[in-house]
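Chain letters run A, B, ... following the sequence lines, proteins first and then strands; every chain starts at 1.
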Amino acid sequence: MNRGQSHYLRIYKGATDYDLWQSYYVNQTVTVDSKDYEYFPFQTGGIQESSAVGSIGMSIAMPATQKAVETFELALYEQRLVEVSVYEFDSRLGNGAPQSGQILITRFLGQVVSLSGSFTSLEISLGSALATVGSQAPPRTFTTALVGNPLRI
Amino acid sequence: MKFTISDPLSLVAAQSGNSATSTKAAAGAGNQNLTADLESVQLGEPVPIVFCRRRTVGSTTHGGVYIEPKATEAKYNVDPSTLALSFAYLLILSEGELPLLEVQDIYQHTCREGDTFNQKYDGRAGTWEPESNVPVLSNGQSAYNVPAYLGTGGSYKNLTTFSFEGTSYLGDLTWSRRIFVAVKQGMKVTRLLDSVNGPSDNFVDLANYLLAQSGSVASDLIDTTGFTNAAEFTDANGFFYNGVLSQAQNLSDWLQRTADSFLLRFAQESGKYTFKPRLPTNSDGTINTGVILPEYTFTEDHLLPDGFEIEYIPVEDRSPVCAVMLWRQQPEDDFGIVRSTEVRIDNEAANGPFMQYDLSAFCTTENHAVKVGVYHLARRKLISHNLRILVRAGNYGQFLSVGDIVRVRLRRETAIEQVEHHDRLYEIERIERSPGGQISYDLTHFPINSQGQSTIALAVEGAAGKGYLVPSAGVDMTCGINYGNSSSVGTSSRYDSNNIPPNVPNPSDIDFDAPSPVPFSPSNEPPPPYGADNPTDPFEADLDNTYEITGYSGNKPVVGDSLEFAPGGCPGGYTEWYGIDVNTGERTRIGTGILNITTDLVTLPIRLYAVGRCPDSNSPTGYTDPIESDTIDWFQDPNSGTIACYAPYALGSSSPGGNPPGALDTSRVFRIGNATPSLITIKYYIGAQPYTDPAILSIYWTQPDGTVGDATDYLLEDNGSYGAAPSYLKVTRPKYAANAIDMLVEVRKTSWNSYYSVIVDCNPPS
């Protein structure tokens, strides 16, 4: 088995990176694309792409440490973006640090749409906040501020 | 343990649009009621979005939409001399900014009527104020039955408003009729294709605007490149949107449903929303009718065991149908005409079944409608199955995405030297990547001809409308004083949204801005400033008097006491009494029920406890589980304290080493009752060579009144048997009162070589 995969997680909003984690290089901080990712154990639950909108997303599982809980509570509350990148590399060339020849095989971008778990583990679902129920189009309705007390015919 | 459950493969047909989506026949959404009365805006209903652009593409001019704006303010004035009614309405045209209308585009009922027109974006068009002075006629009736509530006005922020002023005479009800506006250039948006802020007829521009305005989708989650490519596709193939969005609906549903009518799929790729053409395209967005090359070919080398699953489209989704396409023929200067075009494959479904697709709300070109119809028919005819493959990790994982074309070529050997292949092209509908690197692809059959061209693409590209235009059959579309007046309407305005008069509600007067809460952070949220205060659970507490033996006072029972044990105070219980031999630890049952303390009992070298059971009629034994009482350490622990002396008791022994000479090596208090003979024998051994040095045994007598007598020392010496035979020391118990006395016995070594063993016998054989 020559194929290794490393996962990187980035939580950001606008131009601000809040957390940069990687789960492959244990107890190391590694640099990829000029960003320093510190080690944190997490596992991704598979990335989906589909022509049917609505149920697409991915899940992340990690130990429910205080840091993890705080990080994702904030991400959910402030609607921060979460980007998960998966790189593949030839593990025969070493596993000590990111290889220059590693290939980005997929990248998923979403928001924290749900957070759950137990006292010891945290399950995060990434996706979009565009609800599949309720009406959002057209975006505005007539209000008192817009039209006052309108004509009654 | 986690389980992954995938959607059944049979759902892919519906998700990819291969299943029938036309549910019921209904009147085309583009139909308009030309004789209806004017309506007023109702608070809470959606603000309409007019999205259109009339332009010439090739040799065809198309687009635009007739709208029926609703009113928010009105004015009615009657000329007392002529009884002519001068009226004015303030109408809401659309969300956003519309270019100025032309006078000839304004209708009341079906004629180009009206005196004065003004249009304003982000403010209130027209300078008149709401009022009414309609007189009462001599017959007691109002000259004109006008509304009583005329409207107060609002900020009209980011709305395009329109002021219509006209005149009517007695008996003419035109003043109350619906007003129609022919909008040729709709709401301004930033167009994806040329970045111009102006009217658009590109569905993807509208989708982009709605997603941004929804506030639910971060801009990073929109695949702008994908949107731009999709906009090129619709523009290049003549799929235009000219309509009004006024009914409240779920945005996600609306985008998926409407995208289908533009041969687009609304998808998510790497978490981002995007549009993907449903047909292969060239770089300029036109339909690719050339050879289709797959992005990748999957073979046995890639598939994992049990990694092939196939599902054929059911017959009800493949049987021939006639697609009835509703669209809207939009003349230059007339109301839209809802048209139907029946599309069928040659020699099929001549008499149905019919499947209706309503595009009349936004489609104004016949070609568009026909191509969409042919697309649906071609899919029904040509696509036969869906596939799901599970493949190992590979480099294809980085460049395959939804909508890509792949090839699946697998050997099928059913007999010796008879090798066939499952060899088809497929379109990727879904990709699921597992943490272990495996990838699952849901695929839809992509039919090609012998040259490798997409047969569906060929069918759609070759489809075109007949170009027949149905006459409007209008009685007189030139009626109205403003027919042919192409000048723009006026721009007079009472106020704009930044300068509204006092009588118009200011958002600060009617809306409420809650104070911003303390920025949330888990570290900012303190724990409750009080401790836990749970009510006592009585069923988790000990029963009252659970383990207590009753019937005596003081620390120990004495002769004459009657001991009882009832755990929790339950009546009718069953009690057993046990003694633990202080020397051997052996437990012996010594009684049941109430235990009367006798002289014989009190001198036993035991520790006493009880085992009680409460009555329980539901138990096989008739009693609950046993509950042990506390132990009455009546007779002291053999290793310490006072013990009864009625049987030989090994005081202790020593070995070389241990406590130093002269120090207390072992001691014990013996309680000697009146029944104990007065002569007490102390049996001892002195150790074998060379440990034959003597020990000193001291005895202290404690009188019943507590007086402790002086020690009497006795020398324990070797008797020459080298520890094989004992020696005896006779001690006489002093006679005091009838009560028991205590005898304290202490032993000390005289040297490091004192090795002894002492046994105290208060009842030696005579």
A.B. asks: Measure B:V41 against the heavy atoms of chain A and call it side chain, backbone, both or neither at under 4.5 Å.
C.D. replies: both
A.B. asks: May I ask you to name which of B:P130, B:G153, B:S434 has the most heavy-atom pairs under 4.5 Å with chain A?
C.D. replies: B:G153
A.B. asks: Check the surroundings of atom CZ in B:F399: do more than 12 heavy atoms from other residues, nucleotides or ligands lie under 6.0 Å from it?
C.D. replies: yes
A.B. asks: Between B:L211, B:L221, B:V504, B:L210, who has the most heavy-atom pairs with chain A when the cutoff is under 4.5 Å?
C.D. replies: B:L221
A.B. asks: Between B:L43 and chain A, with a heavy-atom cut-off of 4.5 Å, which part of the residue counts as in contact: side chain, backbone, both or neither?
C.D. replies: both
A.B. asks: Kindly give the heavy-atom pair with the smallest separation between B:S246 and A:P138, and that separation in Å.
C.D. replies: CA-CG, 4.2 Å
A.B. asks: Please classify the contact between B:I500 and chain A as side chain, backbone, both or neither, with a heavy-atom cut-off of under 4.5 Å.
C.D. replies: neither
A.B. asks: Highest number of heavy-atom pairs under 4.5 Å with chain A: which of B:V217, B:I49, B:D220?
C.D. replies: B:D220
A.B. asks: Going from CZ on A:R140 to CG on B:N158, what distance comes out if it is rounded to the nearest 0.5 angstrom?
C.D. replies: 5.0 Å
A.B. asks: Between chain A and each of B:I439, B:T152, B:T161, count heavy-atom pairs under 4.5 Å; write down the option with the most.
C.D. replies: B:T152
A.B. asks: Quick check on B:I510 against chain A: is it the side chain, the backbone, both or neither that has a heavy atom closer than 4.5 Å?
C.D. replies: side chain
A.B. asks: Give, as side chain, backbone, both or neither, the part of B:Q249 having an atom under 4.5 angstrom from any heavy atom of chain A.
C.D. replies: both
A.B. asks: Tell me, for B:Q438 versus chain A, whether the close heavy atoms (under 4.5 Å) come from the side chain, the backbone, both or neither.
C.D. replies: neither
A.B. asks: Using a 4.5 Å heavy-atom cutoff, which residues in residues 142-153 of chain A come close to chain B?
C.D. replies: A:F142, A:T143, A:T144, A:A145, A:L146, A:V147, A:G148, A:N149, A:P150, A:L151, A:R152, A:I153
A.B. asks: Which heavy-atom pair separates B:A218 from A:Q111 by the least distance, and what is that distance?
C.D. replies: CB-NE2, 4.3 Å
A.B. asks: Return yes if some donor-acceptor pair links the side-chain N/O of B:R433 with the main-chain N/O of A:T106 below 3.5 Å, else return no.
C.D. replies: no
A.B. asks: According to ring-ring contact (aromatic ring centres under 6.0 Å, His included), who are the partners of A:Y87, at least two apart in sequence or on a separate chain?
C.D. replies: A:Y8
A.B. asks: Using the ring-ring contact (aromatic ring centres under 6.0 Å, His included) criterion, which residues pair with B:Y156? Sequence neighbours excluded.
C.D. replies: none
A.B. asks: Enumerate by number any residue of residues 18-31 of chain A whose heavy atoms lie under 4.5 Å from heavy atoms of chain B; in the absence of such residues, state 'none'.
C.D. replies: none
A.B. asks: Minimum heavy-atom separation for B:L251 to A:A137, with atom names?
C.D. replies: CD1-CB, 3.8 Å
A.B. asks: Considering only heavy atoms from C-beta outward, does the side chain of A:L109 approach that of B:S270 to under 4.5 Å?
C.D. replies: no
A.B. asks: Walk me through it: do B:E45 and A:T141 pass the test side-chain contact (heavy atoms from CB on, under 4.5 Å)?
C.D. replies: CA-CA 5 Å; B:E45 63 180 348; A:T141 59; over 6 Å; no
A.B. asks: Mind listing the closest non-hydrogen atom pair of A:S128 and B:Q268 along with its distance?
C.D. replies: CB-NE2, 4.2 Å
A.B. asks: What part of B:I428 gets within 4.5 angstrom of chain A, counting heavy atoms only: side chain, backbone, both, or neither?
C.D. replies: neither
A.B. asks: Do you know which of B:S40, B:S216, B:P147 has the most heavy-atom pairs with chain A at a distance under 4.5 angstrom?
C.D. replies: B:S40
